[in-house]
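Naming convention: chains lettered A, B, ... in sequence-line order (proteins, then strands); numbering from 1 in each chain.
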Number of protein chains: 2
Amino acid sequence: MTVTLADVAARAQVSPATVSRVLNGNYPVAAATRERVLRAVDELDYVLNGPASSLAAATSDLVGILVNDIADPFFGIIASAVQSEIGGPGGRAGGERMAVVCNTGGSAERELTYLTLLQRQRAAAVVLTGGASEDPEHVAAIGAKLRRLGEAGSRVVLCGRPPAEGAPDAVALTFDNRGGGRRLTEHLLGLGHRRMGYVAGPVGRTTTRHRLEGHREALAAAGVADDPRLTLHGPYDRRSGYDATVELLRREPSLTAVVAANDTVALGACAALRDRGLSIPGDVSVAGFDDLPFSVDAVPALTTVRLPLAGAGARAGRIAMGREEEPPGGIATIQGELMVRGSTGGVGSGG
Amino acid sequence: MTVTLADVAARAQVSPATVSRVLNGNYPVAAATRERVLRAVDELDYVLNGPASSLAAATSDLVGILVNDIADPFFGIIASAVQSEIGGPGGRAGGERMAVVCNTGGSAERELTYLTLLQRQRAAAVVLTGGASEDPEHVAAIGAKLRRLGEAGSRVVLCGRPPAEGAPDAVALTFDNRGGGRRLTEHLLGLGHRRMGYVAGPVGRTTTRHRLEGHREALAAAGVADDPRLTLHGPYDRRSGYDATVELLRREPSLTAVVAANDTVALGACAALRDRGLSIPGDVSVAGFDDLPFSVDAVPALTTVRLPLAGAGARAGRIAMGREEEPPGGIATIQGELMVRGSTGGVGSGG
DNA sequence: CCAGGAATAGCAAGCGCTTTCTACTGGGGA
DNA sequence: TCCCCAGTAGAAAGCGCTTGCTATTCCTGG
């Protein structure tokens with residue numbers, strides 16, 4: 001029914017071994033023979049059997065990319081960059097690598113399952129993106145899994161995520177979320193803000209904690225008391241920003257700024273403020289994080305911390321492919337850049 | 001080095017066949033034996049060899065999802081929905097399916113390559129999303145490839161893309177881009193607009209053509225001449241909308257509306273108008289397409305055509321998994337919904 | 001003119017798993 | 001009491017490909 005290597009070999013009057021070598025191109029084959037084989041492949045419309053090939057060669061050309069939410073541009077941009085470096089239909093001839101984007105939904109359990117699936121497939125490399133769960137049990141489980149993946153020959157790269165405990169040879173490209181959060185809040189403090197609300201990300205995730213810690217560091221350094229009532233947690237979506245802002249305003253009507261976990265949340269915060277008739281930044285300043293493409297189009301444009309998502313993803317991809325050297329110690333910290341735009345202003349600048 | 005089925009069998013004092021059966025759970029195994037095997041699996045930290053398994057069973061649990069641009073939320077949302085229905089770590093136990101998101105970048109050639117890769121892996125199903133190239137050669141090549149995939153046992157579903165010629169058993173869930181485009185322009189005509197610019201998508205793609213045709217149908221029906229100088233093509237990005245709008249304004253300073261290929265492009269158009277000091281919709285109305293999440297947060301909120309991306313993706317996923325019946329004739333047309341918001345208004349409503 | 005190689009091609013042994021067919025066991029009906 | 005069958009487990013034949021090693025050519029230098 002389906003065409004196999006042997007069929008091609010028969011048609012080209014050569015042995016299966018020769019066909020395999022023509023297809024893989026890593027062994028000398030006379031030009032005439034090669035051509036004959038290629039013609040047979042074409043005529044028979046032959047397609048290599050991937051599983052058989054992977055089994056025999058004990059390697060695969062799959063590269064897994066784990067993301068928390070594929071519908072979120074934050075991850076889309078990183079994944080896109082990783083993929084473009086992986087090769088896909090753009091890599092070296094013959095070695096068509098296939099990037100597999102896996103959507104974990106932020107669930108550590110699913111993350112683990114996908115890692116097992118990737119391990120099953122003997123993936124060439126695995127890139128984990130975005131913040132991680134901080135549940136000790138999961139951290140241990142994932143660390144162990146990553147170590148095993150590494151031992152089995154898969155290269156493991158973390159992108160935008162802190163180093164994994166228990167997996168020493170996983171390369172980590174970490175965003176300096178703490179530093180970014182600090183600078184953002186320092187900027188606000190510099191504008192005179194003292195009563196700020198903070199809409200944090202989901203509890204128990206590294207990114208959430210680091211950004212929040214940066215915020216608190218800045219407050220502490222400026223001698224401003226951190227009012228725990230003014231920090232609310234929620235998912236990374238617009239709705240969370242909206243609801244949290246409404247609640248923040250209820251708790252503290254004299255709020256002058258809202259710092260959001262990321263740009264999407266910030267947009268929700270803006271919507272809530274607008275709906276209440278408050279002007280931005282006249283009445284309340286708003287700041288985000290990430291600098292996603294739409295942030296510059298918000299009105300007013302969002303002050304935020306730009307993370308070089310595409311650059312980091314590309315670098316992760318290259319490292320995963322062994323085309324770029326690992327950073328010293330296997331860890332690199334990537335800085336964010338404060339982007340001051342229209343959504344933040346001096347206290348009492350309007351209203 | 002690596003643990004194999006045989007190792008587990010030895011440890012559990014059973015034959016490899018029995019271990020396989022315990023793992024696949026499709027053959028009676030005595031409870032005591034099963035438990036012994038499971039314990040051995042656990043103790044040995046055994047992970048199934050995917051390629052070997054696929055080879056022997058002649059099936060795989062990979063499902064391919066092809067997207068034009070993974071960094072674009074349009075595709076992210078669809079892919080996310082497909083994936084959630086595929087099962088992934090959420091499907092039926094034992095049958096851990098793995099959704100593979102492949103980024104074609106809109107290139108028909110890469111699309112073809114990915115399809116071959118998927119064919120190599122004997123993918124269980126393939127979902128192609130978004131508009132397709134209209135190059136006759138590519139259309140034929142892709143049609144043929146899809147047919148072959150179908151013949152080889154992969155289920156093929158098109159989501160947000162017109163039926164593929166030459167692949168009769170590929171199910172198609174098509175968006176009514178033409179109808180949506182028509183209704184959008186009718187809305188603008190109803191507001192009194194007569195000099196409208198149109199920022200279309202890339203040339204040679206079905207989506208671009210259909211939306212544009214809808215626009216022209218509406219103009220024709222209203223007896224408004226279509227000025228070809230007022231239609232510009234470009235990629236689906238912000239930049240394209242910005243640049244095209246600047247050019248449109250140059251060609252026709254008395255423009256009262258800009259219709260964009262999609263929301264992202266519309267945002268670029270808004271930015272261009274703002275930069276020129278024009279108010280929206282006072283001076284110029286702007287309309288988009290898709291109703292992506294950020295569109296409602298634009299200021300003013302974007303008038304657009306909402307496409308049920310998540311719903312369509314989910315349906316495509318279910319059909320791909322054989323969990324939902326195919327639409328009659330293998331083709332279903334999905335309607336968009338006109339969302340009238342603040343970015344469109346009557347002609348001369350301000351200035 | 002012949003030996004020593006370089007250059008190609010083929011043989012055959014797996015890679016690790018699934019699955020058909022066969023073999024064995026114990027219990028219940030005749 | 002004996003036979004037959006339901007219930008389980010094992011043996012073994014591949015699945016389609018890769019690759020180490022061997023065999024065959026044919027060219028080259030001595």
*asked:* Both A:N49 and A:R21 contact DNA chain D. Which one's nearest nucleotide lies toward the 5' end?
replied: A:N49
*Can you tell me if B:T206 uses its side chain to pair, donor with acceptor, with the backbone of B:A132 under 3.5 Å?*
yes
*asked:* Rounded to whole Å, please give me the gap between CG in B:L48 and P in C:dC15.
replied: 16 Å
*For D:dT18, does OP1 or OP2 lie under 4.0 Å from any side-chain N or O of A:N24?*
yes
*With respect to the side chain of B:T2, which nucleotide from C:dG16, C:dG14, D:dA11 is positioned closest?*
C:dG16
_Sugar-phosphate only, base, or nothing, as touched by B:T33 at under 4.0 Å among non-hydrogen atoms_ = sugar-phosphate
*Check ion pair B:R205-B:E134 (N to O, under 4.0 angstrom)*: no
*Would one find a side-chain N or O of B:T4 under 4.0 angstrom from OP1 or OP2 of C:dG16?*
no
*Carboxylate-amine/guanidinium contact A:R161 A:E111, below 4.0 Å*: yes
_Whole-Å gap separating C1' (C:dG14) and CG (B:L55)_ = 12 Å
*Assess whether side-chain contact (heavy atoms from CB on, under 4.5 Å) is satisfied between A:L5 and A:L23, documenting all intermediate values.*
CA-CA 10 Å; A:L5 234 212; A:L23 262 25; 4.2 Å; yes
*For B:V19, report the nucleic acid contact type (base, sugar-phosphate, nothing); a contact means any heavy atom under 4.0 Å.*
nothing
*Just compare D:dT19, C:dG16, C:dT18 and give me whichever is closest to any side-chain atom of B:A52.*
C:dG16
*asked:* Is there a side-chain contact between A:T18 and the phosphate of C:dG10, meaning an N or O under 4.0 Å from OP1 or OP2?
replied: yes
*Is the closest basic N to carboxylate O distance between A:R315 and A:E324 below 4.0 Å?*
yes
*Could you check how far OH of A:Y27 sits from C1' of C:dA6, rounded to whole Å?*
12 Å
*Could you check how far CG of A:N26 sits from P of D:dT19, rounded to whole Å?*
6 Å
*Rounded to whole angstroms, how far apart are CG on B:L5 and C1' on C:dT19?*
13 Å
*May I have the distance from B:L23 (atom CG) to C:dG16 (atom C1'), rounded to whole angstrom?*
13 Å
*Measure from CZ on A:R36 to P on C:dT8 and round the result to the nearest Å.*
14 Å
*Counting side-chain heavy atoms from C-beta on, which of C:dT19, C:dT8, D:dA9 comes nearest to A:P28?*
C:dT8
*Checking all strands, does A:A58 fall into the base, sugar-phosphate, or nothing category for heavy-atom contacts under 4.0 angstrom?*
nothing
*Side-chain N,O (A:S15) to OP1/OP2 (C:dA9) below 4.0 Å*: no
*Whole-Å distance between C:dC15 P and A:Q121 CD?*
20 Å
